[in-house]
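Down below is the structure, laid out as C-alpha cells.
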Amino acid sequence: MTPFLPPEWLPVIFAGLMGLSILLYVILDGYDLGVGMLSRLATDHDRDLMVASIGPFWDANETWLVLGIGLLLVAFPVAHGEILTQLYIPVALMLVGLILRGVAFEFRAKAEPINKHYWDNAFFGGSLLTALCQGYMLGAYVLGFDQSLAAVLFCLLAAAGLAVGYIFVGACWLIYKVEGELQRRAARWAEVTLWLTALAMAVISIATPLLSERIFDRWFRLPEFIALLPIPLAAAALFVGLAIFLRRPQRVDDALSWVPLAVAGILFALGFIGIAYSFYPYLIADRLDIWQAAASPEALSIILIGTIFVLPVILGYSLLAHWIFRGKATQLSYY
Amino acid sequence: MDGLDPLMLARIQFAANISFHILFPTITIALGWALLGFKIAYNRTGNEAWMDAYKLWVKVFALSFAMGVVSGITMSFQFGTNWPGFMERVGNIAGPLLAYEVLTAFFLEAVFLGIMLFGFRRVPGWVHTLATFLVAAGTTLSAFWIIVLNSWMHTPVGYEIRDGVAHATNWGAIIFNPSMPYRLMHMLLASALTVAFLLAGISAWRWLRDGGGDGVRRALKTGVYAAALLIPVQIFVGDLHGLKTLEHQPAKIAAMEANWETRGQVPLVLFALPDEATRSNKFEIAVPNGASLILKHEADGVVPGLNDFKGEHPPVAPVFWGFRIMVGIGVLMLLVAWTGAWLIRRRGVDGLPRWYAYALVAMTFSGWVATLAGWYVTEIGRQPWLVTGILRTGEAAGPVGATMIAGSLTLYLAVYVVLLAAYIAVLYRLARLGSHAPQGKPMFPLPGVAEGPARGQSEPLVEARA
Ligand code: HDD
Ligand code: HEM
Ligand code: HEM
C-alpha cells in the first residue's frame, strides 16, 4: 500500500480526525456523564427518567472515546505510549469510573430492589470520578506533565472545571429531553453551571498562554490576535445569550428546548478549537510534534481509506438512532 | 525475582483484564445470534414461547454487553499504559487492524444496540430484526478483527523489519495469517458452546425450581441440541488447530504435551507434574505412543521436545494443565450434550431425570472455564515472545513503576470480583423472575398495564418500575 497523498499531509489529517472524535466524545459523553452527576440531586422517580433519557445513547457516545484514543494509538504510537504512561494513575481511576457507571445502568434496574441504591451511588460516583479524572488529564496535558505543586493545583482546578462543564451540558440535555418540573429544575442547574463553566474556560484560557511563551506568541501576535478575537468574543456572547434565554419563561409548545444543548455544544467546540490552536502541531507541548510521532505513511493510508468510507456511515446511523429516540424521554422497554 | 517486578505485575494485570473482558464477549457473540433466532422463530410461528425466551435472554444480553463494553474500554487503554513497546514495534500492523475493528465493528454494535434493546415499540418489526442482526454481526466482526491481530502475533507473516520497526508488505497475508482461520473458528465455536450450556444450565435450574414455562423448556432444548451439534465440530477444529501450531510454534506443543525430549514413540501424558528444575515429569500417567499418533499419525512419529528450545520455551506446567482442563471440559461437554439430546428425543424435556438436570446446572459456566483455559494455553504458550520472533514480552513493557501497577491491579481486581459476583447473582435473579423480570430500564407502567409478578410466584415485585 503506497500513500496516495503527500506523506506529510497524513499526520495533519489524522490529527484532525482525532480532534474531531475527541470533541464529539466530550460533547456526547459529556451530557451523559453530566446527567450521571446530576442524578444525585433528583428524586427516585426523576432519576429513572434521567437514566432513561440517555439509555439508548451512552454506549455509542463512549465509542467516540475508543475511536479517539484508538486513533492516537494507531496514528501516533510514540505519543500514545508517552502520554498514557505519564497519565497512568488518572487513566486507571477513570477506567474504574467508566466501568462502575457503565454497569450501574444495567444493575440498578436488574439487581434486587434493596440493592438499587448501591448502583445509584455507583452511577453517580462513577460519573463524577470519570469527569474529574478527564479534567485532571486535560490539565496535566496542557502543562506538558509538569509535576510541581502549582501544576497539580492547576490540574485539580481543571478537574473541577471539566466536571462542571459536563454538568452544564447534562443539564442542557435534560432541558431538551424532559418536561414539567424536572425540566424547570434542569434549567436552574444549567443557569448555575453556565457561569461556573464560563469561569473555568476563562481561567484555563488565561493560564495556558502565561505558562508557555510559544502559546503566548501564537495568540498575542498581530495580525493573528485580531483574527482570533472572534473566538473569545463569540464564546462570551453565547454565554450571555444563553443566560438570558434560560431565564425566559418556557414556551408552551417547548419548541426551542434544543437551543441550550446546541449552544453548549458550540461553546465546547470553541474551547476545543482554542486548545487545539494553542497546541498545533505539537502532540506533547513543545516536545513532540505530529510528524515526529506519526506511524508509517503506508499504515496511515490504509486506515484513512477505511475512515473515509466508514465515518460518514457512522455519523449517519448515529443520527438515525437519535431520530428514532427523538422527543421527550419516556419509559424504555425491551419489548 | 521478587513478587514486585513491574514486568510481572504488568503481565498479571493484562491477564486479569483480558480474562475478565473475554468472559462477556464469549457470551454476547453467540447470544446475539441466538436472540435473532428466537425473534425470527417467533415471527414465523407466532408461538409465545419463543417470545418468552427472547424476553428473558435479551436482558442477559444487555447486561453482558455492558460488562463487555466497559471492560473492553479498559483493554484499549492497556496498550498505552502498560505496553508502549508493543505499538512502537508492530504498531504499523496492529494499528490498522485495531482501527478497522473500532470503525467497522464497535460503532455498528454500539449504535444499533440502542435500537435493538429499546426500539421494539418505536420502529417497525423488520427494522428491529435488522438491528438485532446488525448487533450480532457487529460482535462477530469485532471478534474477527481482534482474532486476526492476536493470530498475527502468534504466526506473523506479510511484514518486513526496517530500522527495527515492522512494516506491512502484504495485507492479505497478514489478515489470513496461518493460525487465524483455526483460531477464529475455535473461538466462535467456544462462544456458541458457552452460550448453549448457559441456556441449558439456567433453564434446567429454573425447570428444577418450578417447571418454568414453555419458554424455559424451549430454551433448554435449544441449548442441549446446539451443544450436541457443535461439540464434535469443536473437537475436530481443535485438533486441526493443534496440528497447525505444531508447524508454527513447536515449543508450544512440546509444553502442552510436557514432552521434554525430541523423539519418536512419544506417549500421551494424561497426568503429570512437570518439573522445570529437573526438566522431567513427576508422577506421569501416560498412554504409550499416544502423542506421536495424534500429532504425526504414526507410532514412530518424531515429536519435537522442549530440549530443542532450552531457555526459549514457555513455562510448562500452566500450558500443560490449561490444555488438559480445556480438553477435559470438551470431553465432558460431549458426554453431557449427547446424553441430553438422546434423553430429550426419547422422553421430551419434562421426562428428563432430575439428576440430568442437575448435571446441566453444574455445567452452566463450563464454557467460561474452557475458554479461559484455552486462552491461557495459547498466550502463555507463546512466551517468551509477545509477537513470535519479533518482540519479547519484556521489551514491550513501559516505564511505570511496580507500586503504581500494584495499586491499579488491586483496584481492578477488587472491582472485578464485586462485578462478577453481582453479575452471576443477577443472572439467577432474572432467571427466577423469568420473562416477567423487570425491564432493563426505568419502567413507568403504561396505563392499564400493571407489571405483576410472574404467575405462581410469591415474591412481591417492588421493582414494578425498577
Ligand atoms: C473474541 C472476541 C474478543 C476478544 C479476543 C477481545 N474482544 Fe473486545 N469485545 C468483543 C470481542 C472481543 C465484542 C464481542 O465485540 C465486545 C464484547 C461485548 C461488546 O460490547 O463488544 C467487545 C468490546 C470491546 C470494547 C468496547 C466496544 C464498544 O464500545 O462497543 C473495546 C474497546 C474492546 N472490546 C477492546 C478489546 C481489546 C483491546 C482486546 C484485546 C487485547 C479485546 N477487546 C479482546
Ligand atoms: C481474549 C482472550 C485472551 C486471553 C484470555 C488472553 C490471555 C493472556 C494471558 C493469560 C497472558 C499472559 C501470558 C503470560 O504472562 O505468561 C496474555 C499476554 C498477552 N496477550 Fe493475550 N489474551 C487474549 C487475547 C489477546 C488479544 C486479542 C491480544 C492482542 C490484541 C492479546 C495480547 C496480549 C499481550 C500484548 C500480552 C502480553 C502481556 C503478557 O505477556 O502478559 N491477547 N494474554
Ligand atoms: C476437546 C477438544 C479440544 C481440542 C483438541 C482443542 C485444541 C486447542 C488447541 C491446540 C489450542 C491452542 C492453539 C494455539 O494456541 O496454537 C486451543 C485453544 C483454545 N481453545 Fe481449545 N480445544 C478443544 C476444546 C475446546 C473447548 C470445548 C473450548 C471452549 C468451549 C475451547 C476453547 C479454546 C479457546 C478459547 C482457545 C484459545 C484461542 C485459540 O487459540 O483458539 N477448546 N484449543
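Naming: A, B, ... by sequence-line order, numbering from 1 per chain.
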Quiz item: Heavy-atom distance under 4.5 Å to chain B: side chain of Leu73(A), backbone, both or neither?
Solution: both

Quiz prompt | Closest non-hydrogen atom pair, Val415(B) against Val96(A) | solution = CG2-CG1, 4.0 Å

Quiz prompt | Best-contacting candidate, Thr104(B), Leu108(B), Leu411(B), against chain A by heavy atom pairs under 4.5 angstrom | solution = Leu108(B)

Quiz item: Most heavy-atom pairs under 4.5 angstrom with chain A, which of Leu419(B), Val165(B), Val127(B), Leu113(B)?
Solution: Leu419(B)

Quiz item: Rounded to the nearest 0.5 Å, how far does CD1 of Ile73(B) lie from CD of Glu62(A)?
Solution: 4.5 Å

Quiz prompt | Contact origin within Leu97(B) toward chain A - heavy atom pairs under 4.5 Å | solution = neither

Quiz item: Between Trp64(A) and chain B, which part of the residue has a heavy atom less than 4.5 Å away: side chain, backbone, both or neither?
Solution: both

Quiz item: In this structure, are over 12 heavy atoms from other groups packed under 6.0 Å from Tyr428(B) atom OH?
Solution: yes

Self-check item: Pairwise distance CG(Leu103(B)) to OG1(Thr63(A)) - rounded to 0.5 angstrom
Solution: 11.0 Å

Quiz prompt | Side chain, backbone, both or neither of Gln13(B) within contact of chain A (heavy atoms, under 4.5 Å) | solution = side chain

Quiz item: Could you state the interatomic distance from CZ (Phe106(B)) to CG (Asp59(A)), rounded to the nearest 0.5 Å?
Solution: 10.0 Å

Self-check item: Under 4.5 Å from a heavy atom of chain A, the part of Tyr423(B) involved
Solution: both

Quiz item: Minimum heavy-atom separation for Met87(B) to Val74(A), with atom names?
Solution: CE-CA, 4.3 Å

Quiz item: Do the side chains of Phe77(B) and Leu65(A) get nearer than 4.5 Å, heavy atoms only?
Solution: yes

Quiz prompt | Leading residue by heavy atom contact count with chain A [cutoff under 4.5 Å; candidates Ser408(B), Ala94(B), Ala425(B), Gly91(B)] | solution = Ser408(B)

Exercise. Over all heavy atoms of both residues, which pair between Gly102(A) and Ala66(B) is shortest? Give the atoms and the distance, please.
Key: O-CB, 4.1 Å

Self-check item: Engaged part of Leu67(A) at the chain B interface, taking heavy atoms whose separation is under 4.5 Å
Solution: both

Practice problem: State, with a plain yes or no, whether a side-chain heavy atom of Val310(A) is found less than 4.5 Å away from one of Phe107(B). | Solution: no

Practice problem: Can you sort out the partners of Ala79(A) under side chain to side chain contact (heavy atoms under 4.5 Å, CB included), two or more places apart, ordered by chain and number? | Solution: Leu72(A), Phe76(A), Ile83(A), Leu283(A), Leu288(A), Ala293(A)

Quiz item: Which answer fits Phe61(B), side chain, backbone, both or neither, if we ask what part of it has an atom under 4.5 Å from a heavy atom of chain A?
Solution: neither

Self-check item: Minimal non-hydrogen separation, Ala92(A) against Tyr412(B), with atom names
Solution: CA-OH, 3.7 Å

Quiz item: Between Ile302(A) and Tyr100(B), which heavy-atom pair has the shortest distance, and what is it?
Solution: O-OH, 2.7 Å

Quiz prompt | Shortest non-hydrogen separation from Ala99(B) to Ile303(A) and the atoms involved | solution = CB-CG2, 3.7 Å

